[in-house]
J.: 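The structure under discussion is supplied below as structure tokens; questions concerning it will follow.
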2 protein chains.
Amino acid sequence: MATHGARGRSGGRPTLEEVAARAGVGRGTVSRVINGSPRVSDATRAAVEAAVAELGYVPNTAARALAANRTDAIALVVPEPETRFFAEPYFSDMLKGVGSALSDTEMQLLLIFAGSDRERARLAQYLAAHRVDGVLLVSVHADDPLPDLLAQLEIPAVISGPRSSAETLPSVDSDNYGGARQAVEHLLSRGRSRVAHITGRLDVYGAQRRVDGYREAMSDAGLGVDEGLIEAGDFTEEGGHRAMAVLLERHPDIDAVFAASDVTAAGARRALRDAGRRIPEDVALVGYDDSAIARHMEPPLTSVRQPIEEMGRRMIDLLLTEVADRRPLASRGLERRQMVLATELVSRSSS
Amino acid sequence: MATHGARGRSGGRPTLEEVAARAGVGRGTVSRVINGSPRVSDATRAAVEAAVAELGYVPNTAARALAANRTDAIALVVPEPETRFFAEPYFSDMLKGVGSALSDTEMQLLLIFAGSDRERARLAQYLAAHRVDGVLLVSVHADDPLPDLLAQLEIPAVISGPRSSAETLPSVDSDNYGGARQAVEHLLSRGRSRVAHITGRLDVYGAQRRVDGYREAMSDAGLGVDEGLIEAGDFTEEGGHRAMAVLLERHPDIDAVFAASDVTAAGARRALRDAGRRIPEDVALVGYDDSAIARHMEPPLTSVRQPIEEMGRRMIDLLLTEVADRRPLASRGLERRQMVLATELVSRSSS
DNA sequence: AGGTAGTGTGGGAGCGCTCCCACCAGTGAT
DNA sequence: ATCACTGGTGGGAGCGCTCCCACACTACCT
């Protein structure tokens, strides 16, 4: 059969052609059965399936990719060093959700780190070669060139956490605004009124939305918005510590703090302790993320939980749709697909 | 050019043929340049490279895979649930090493979890489709059927931690025997003589080698081997706690313990505290792995460090060799490639 | 009777590479 | 002058699929 000698290949996997011969049908028909086309009679389908089973036929993905111009693979791109990936539960939860959504698909998931310049160059090369049908982008900064590259290469992509209110890419996010409101309203319902807010990095859209939520919750409660109660952090512990110190100096009568992340809250807690404030007696504290830190803090931290696993699943849904009906770019963007998931307040003893 | 209509494909990536035309050479010559064949004159090579640059040519991997019957991808298979993968630093270190060794290669790394039965079935399907050129197997239990499946499919594989002294697959491991000796000799040099050993899971070959190392170090020191000083653990904290309690009951005069892992040592430490023993005054303690646990224990734990990142790099080296000179199975196995890396004792205040 | 739609089905053409054979200089030995 | 070679090169054939056109065959109208 191999007319030009034994080139590689020892066992010799069966091909479509062989299955077709075995089943007594044509090549096209076998292809139709394999790909689940409805235009095949039941009898023929059964015959083909039997032949597939007998021969142990497994489609050759390379041939399929070449002929159909698709790869059946998508990439989860993490624009961070691996270290952060392993350190933050955000990523492993995301991965879990993505994996579960993909498990009843033929799609293969590739995990790609693009933290260093070198890794980014490799990724660009990889994408240029169109080795994936779509890309999942997590944790993207406002000025990242990756989304543009993807658009230029016409590779479908979904982003977790839009870069702005005018995000053009389909996105899945948790309700940062609503989550912030939950946090503040919870503190108010506990009888607090001098509620401060330590923000996240303000070049991250989600952090801004949390500020918005804080502002409107305060305002709706008739307390007005005292800009002096807002201090910028950067999602780090050190930033939280610094901001808290500033706030205490400015407003010694603060009786509650909403921090934009659990790590930030940990920093704030340290500053509060330094200043001799008791939690929650003197100052109630609420974080964001409901990470392991929240559970293990002393006292355990009330925090706003994001459904990260669910977000991963939704991102896959969006991406697969995008890949499936890959249409001319012109018609995209009109029907923006931005998905927002609800958050949940997990109440513990810090508030 | 596309004679049968615009099938997908909007931009139209340039092909080998187009590059050849541009450079005024034949298809074969361009292929030779792309693949770095030496049989091309310098002038021709330059012309082709210029054409490649001008056109922004990127090889089509699917076509290459089909024609050459290779995928340029290898899989790192983790036969554990994702949770363990993220929890144990072993895996992230391994991944780091593997990634760095691969970074100056064309090879793509796939991370595949095979913890559940479902995932394993998917993996089997994946391997049957020959979607990777080779497989890296980490953390394989003695009775895992995966190695046999790989052998049957004739897919090159490298294993981390041989399953027995008769391992047929190429493997990379740290020197468990030597590491155990280092630990025991260290304790003896500190003036201890009643040294106990809490083992790992004994169906893991590496754990057995550690016992061997312990035995021979004791015996070489002229202390003889008291089997009563050896108690089986299972790499878990609970197992370590239980074993330590048993040992203390049996030999209240123990003055040192070598635990087969840091986690085990943490369990042992708890049992020692329960029994009112001070570390290291009454009992010196040494662990294995030099994980984060060791650094954060109270007191900091002396531990045997394995060069995990280096192991990852070596595994890649072995695998790439294996993939490159993929020869008839018959000649394999004769020249077994088992690699063993040295360990290092990291001394801290627990001993 | 002759249309007019469907359903199934076979198989040609083509996806963009790699492999390998043929061939064409040159160069030196015979 | 003839016969090896040897470094370079062109291009046919083929990898195993998917796509789509063509061609049955049925129905069910006019």
Side-chain angles (χ1 to χ4, degrees), chain A residues 1-21 23-48 52 55 57-72 106 129-131 133, chain B residues 1-48 52 55 57-72 106 129-131:
Chain A
M1 190 123 287
T3 49
H4 71 326
R7 194 212 281 179
R9 201 46 92 61
S10 44
R13 291 157 58 195
T15 70
L16 247 204
E17 195 95 46
E18 286 162 37
V19 175
V25 301
R27 205 166 10 83
T29 303
V30 177
S31 177
R32 254 158 272 163
V33 172
I34 300 293
N35 294 290
S37 155
R39 327 202 119 283
V40 181
S41 72
D42 289 349
T44 308
R45 181 183 307 281
V48 171
V52 165
L55 262 36
Y57 171 74
V58 180
N60 180 320
T61 12
R64 173 179 288 174
L66 178 59
N69 198 33
R70 61 195 167 83
T71 64
D72 290 326
E106 292 287 78
H130 284 261
R131 294 189 66 170
D133 291 339
Chain B
M1 190 123 287
T3 47
H4 71 326
R7 195 211 279 177
R9 198 46 91 62
S10 44
R13 291 158 56 197
T15 70
L16 247 204
E17 195 95 44
E18 287 161 37
V19 174
R22 177 85 167 217
V25 301
R27 210 172 358 87
T29 302
V30 177
S31 178
R32 254 160 267 159
V33 172
I34 299 293
N35 294 292
S37 157
R39 326 204 121 281
V40 182
S41 72
D42 289 348
T44 309
R45 180 183 308 280
V48 171
V52 165
L55 263 35
Y57 171 75
V58 180
N60 179 321
T61 11
R64 174 179 286 175
L66 178 58
N69 198 33
R70 63 197 165 83
T71 65
D72 290 324
E106 292 288 79
H130 284 262
R131 295 189 64 171

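In the text below, chain A, chain B and the rest are named by the order of the sequence lines, each starting its count at 1.
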J.: Using whole Å, report how far CG of L16(B) lies from P of dG14(D).
T.: 19 Å
J.: Whole Å only: how far is the CD atom of E17(A) from the P atom of dT18(D)?
T.: 13 Å
J.: Using heavy-atom distances to pick each residue's nearest nucleotide on DNA chain D, tell me which of A63(B) and D42(B) is more 5'.
T.: D42(B)
J.: Between dC17(D) and S31(A), is there an OP1 or OP2 to side-chain N/O distance shorter than 4.0 Å?
T.: no
J.: I need the CD-C1' distance between E18(A) and dC15(D), as an integer number of Å.
T.: 13 Å
J.: In whole angstrom, give the distance that lies between atom CG of N60(B) and atom C1' of dG16(C).
T.: 6 Å
J.: Side chains of V30(A) and V25(A): does their closest heavy-atom pair fall under 4.5 Å?
T.: yes
J.: To the nearest Å, give me how far apart CZ (R70(B)) and C1' (dC15(D)) are.
T.: 13 Å
J.: Mind checking salt bridge (charged side-chain N to carboxylate O under 4.0 Å, His left out) for R70(A) and listing every partner two or more places apart, or none if nothing turns up?
T.: D72(A)
J.: Report the nucleotide, chosen from dT18(C), dC15(C), dC17(D), that has the shortest atom-to-atom distance to any side-chain atom of N35(B).
T.: dT18(C)
J.: Between the axis at one end of the helix from dA1(C)-dT30(D) to dT30(C)-dA1(D) and the axis at the other (five pairs apiece), what's the angle to 10 degrees?
T.: 60°
J.: Starting at atom CZ of R13(A), determine the distance to atom P of dG16(D), rounded to an integer number of angstrom.
T.: 9 Å
J.: Between CG of L66(B) and OG1 of T61(A), what distance do you get to the nearest 0.5 Å?
T.: 10.0 Å
J.: Rounded to the nearest 0.5 Å, how far does CZ of R13(B) lie from CG of N69(A)?
T.: 7.5 Å
J.: For Y57(B) and I34(B), work out which heavy atoms get closest and say how close.
T.: CE2-CD1, 3.8 Å
J.: I'd like a list of close polar pairs between nucleotides 6-11 of chain C and the protein, N/O only, cut-off under 3.5 Å.
T.:
from, atom 1, to, atom 2, distance (Å)
dT9(C), OP1, S41(A), OG, 3.0
dT9(C), OP1, T44(A), OG1, 2.3
dT9(C), OP2, S41(A), N, 2.9
dT9(C), OP2, T44(A), OG1, 3.3
dG10(C), OP2, G26(A), N, 2.7
dG10(C), OP2, T29(A), OG1, 2.6
dG10(C), N7, R32(A), NH2, 3.3
dG10(C), O6, R32(A), NH2, 3.3

J.: Residues in side-chain hydrogen bond (donor to acceptor under 3.5 Å, both in side chains) with R22(B), at least two apart?
T.: E54(B)
J.: Once you round it to whole Å, what is the distance between C1' of dG16(D) and CG of N69(B)?
T.: 11 Å
J.: Under the salt bridge (charged side-chain N to carboxylate O under 4.0 Å, His left out) test, which residues partner R27(B), sequence neighbours left out?
T.: E17(B)
J.: Tell me, please, which residues at least two apart from R32(A) pass side-chain hydrogen bond (donor to acceptor under 3.5 Å, both in side chains).
T.: none
J.: Rounded to whole Å, how long is the line connecting atom CG of L66(B) with atom P of dC15(C)?
T.: 13 Å
J.: In Å and rounded to the nearest 0.5 Å, what is the OG1 to CZ distance from T71(B) to R131(A)?
T.: 8.0 Å
